[in-house]
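Report on the structure given below.
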Amino acid sequence: MLVLITYDVNTETPQGKKRLRQIAKQCVNYGQRVQNSVFECKLDAAQCRLLQAKLVSLMDEETDSLRFYYLGNKYENKIDHFGCKETYLPDDPMII
């Protein structure tokens, strides 16, 4: 399923900046960054639970925010892209 993950981390402190880097690093391991704090991740249910647990353990629930949007397996018709960044399909091969 395609999961859209968004986060907002308070970076007013050095610890906040560290949390931001750690959360972004975990998201990069599972998906594609589509905006600064927005990732599209193609996950199965177990991967999704694992990633969610990792991110929740990293965040500060008093100052940070984390959101998961479940777009499912038929996500192609649920996404419209406009603007300068090149779009991609999560099932297409990625060259790194």
Side-chain angles (χ1 to χ4, degrees):
M1 78 179 127
L2 186 66
V3 180
L4 184 73
I5 300 172
T6 67
Y7 54 87
D8 187 19
V9 177
N10 183 326
T11 58
E12 294 175 352
T13 65
Q15 296 86 359
K17 291 175 183 175
K18 180 179 179 181
R19 286 194 313 276
L20 177 67
R21 287 189 305 274
Q22 291 173 330
I23 289 173
K25 184 177 179 181
Q26 286 301 317
C27 289
V28 166
N29 289 337
Y30 287 88
Q32 175 70 32
R33 183 188 299 261
V34 292
Q35 291 188 357
N36 287 339
S37 296
V38 181
F39 284 80
E40 290 178 354
C41 303
K42 189 89 192 271
L43 307 168
D44 61 32
Q47 290 172 318
C48 188
R49 284 191 303 273
L50 178 65
L51 179 57
Q52 192 174 58
K54 285 181 183 180
L55 297 180
V56 168
S57 73
L58 292 171
M59 71 179 284
D60 179 344
E61 292 186 17
E62 299 293 320
T63 61
D64 304 338
S65 172
L66 176 64
R67 297 177 72 101
F68 281 65
Y69 296 89
Y70 304 98
L71 299 178
N73 292 321
K74 300 194 183 294
Y75 56 85
E76 293 89 356
N77 297 331
K78 297 178 183 176
I79 300 171
D80 290 324
H81 174 260
F82 305 95
C84 64
K85 290 189 178 181
E86 189 173 324
T87 190
Y88 79 104
L89 293 174
D91 289 327
D92 287 349
M94 294 187 69
I95 299 172
I96 299 177

Practice task
Say whether, by atom type as modelled, one donor and one acceptor occur between the side chain of Asp64 and the main chain of Asn10 under 3.5 angstrom.
Solution key: yes
Exercise for the section: Report yes or no: does Arg33 contribute a side-chain atom to a donor-acceptor pair with the main-chain N or O of Asn36 at less than 3.5 Å? Expected result: yes
Completion exercise
Nearest heavy-atom approach of Met1 to Cys48 is CE-CB, 4.2 Å
Exercise for the section: Determine whether Arg21 and Lys18 make a side-chain contact, defined as any pair of heavy atoms from C-beta on separated by less than 4.5 Å. Expected result: yes
Problem - Any side-chain heavy-atom pair of Ser37 and Val9 under 4.5 Å - result: no
Problem - Spacing of Glu40 atom CD and Gln35 atom CD [to the nearest 0.5 Å] - result: 9.5 Å
Problem - From CD1 (Ile23) to NZ (Lys25), nearest 0.5 Å - result: 13.5 Å
Handout entry: Heavy-atom side-chain proximity of Val3 to Tyr30 below 4.5 angstrom
Key = no
Practice task
Dump the intermediate steps for side chain to side chain contact (heavy atoms under 4.5 Å, CB included) on Arg67 and Leu4, then the final yes or no.
Solution key: CA-CA 8 Å; Arg67 297 177 72 101; Leu4 184 73; over 6 Å; no
Practice task
To the nearest 0.5 angstrom, please state how far the CG atom of Leu66 sits from the CD atom of Gln52.
Solution key: 7.0 Å
Problem - Rounded distance [0.5 Å steps], OH in Tyr7 versus CG in Leu58 - result: 11.0 Å
Exercise for the section: Please report the closest heavy-atom contact between Ile5 and Cys41, naming both atoms and the distance. Expected result: CD1-SG, 3.8 Å
Practice task
Can you spot which of Val38, Leu55, Thr6 makes a side chain to side chain contact (heavy atoms under 4.5 Å, CB included) with Cys27?
Solution key: Leu55
Exercise for the section: Using modelled atom types only, decide if a donor and an acceptor are shared between the side chain of Gln47 and the backbone of Asp44 within a distance under 3.5 Å. Expected result: yes
Practice task
First locate atom CG of Leu43, then atom CG of Leu2, and finally report the distance between them rounded to the nearest 0.5 Å.
Solution key: 8.0 Å
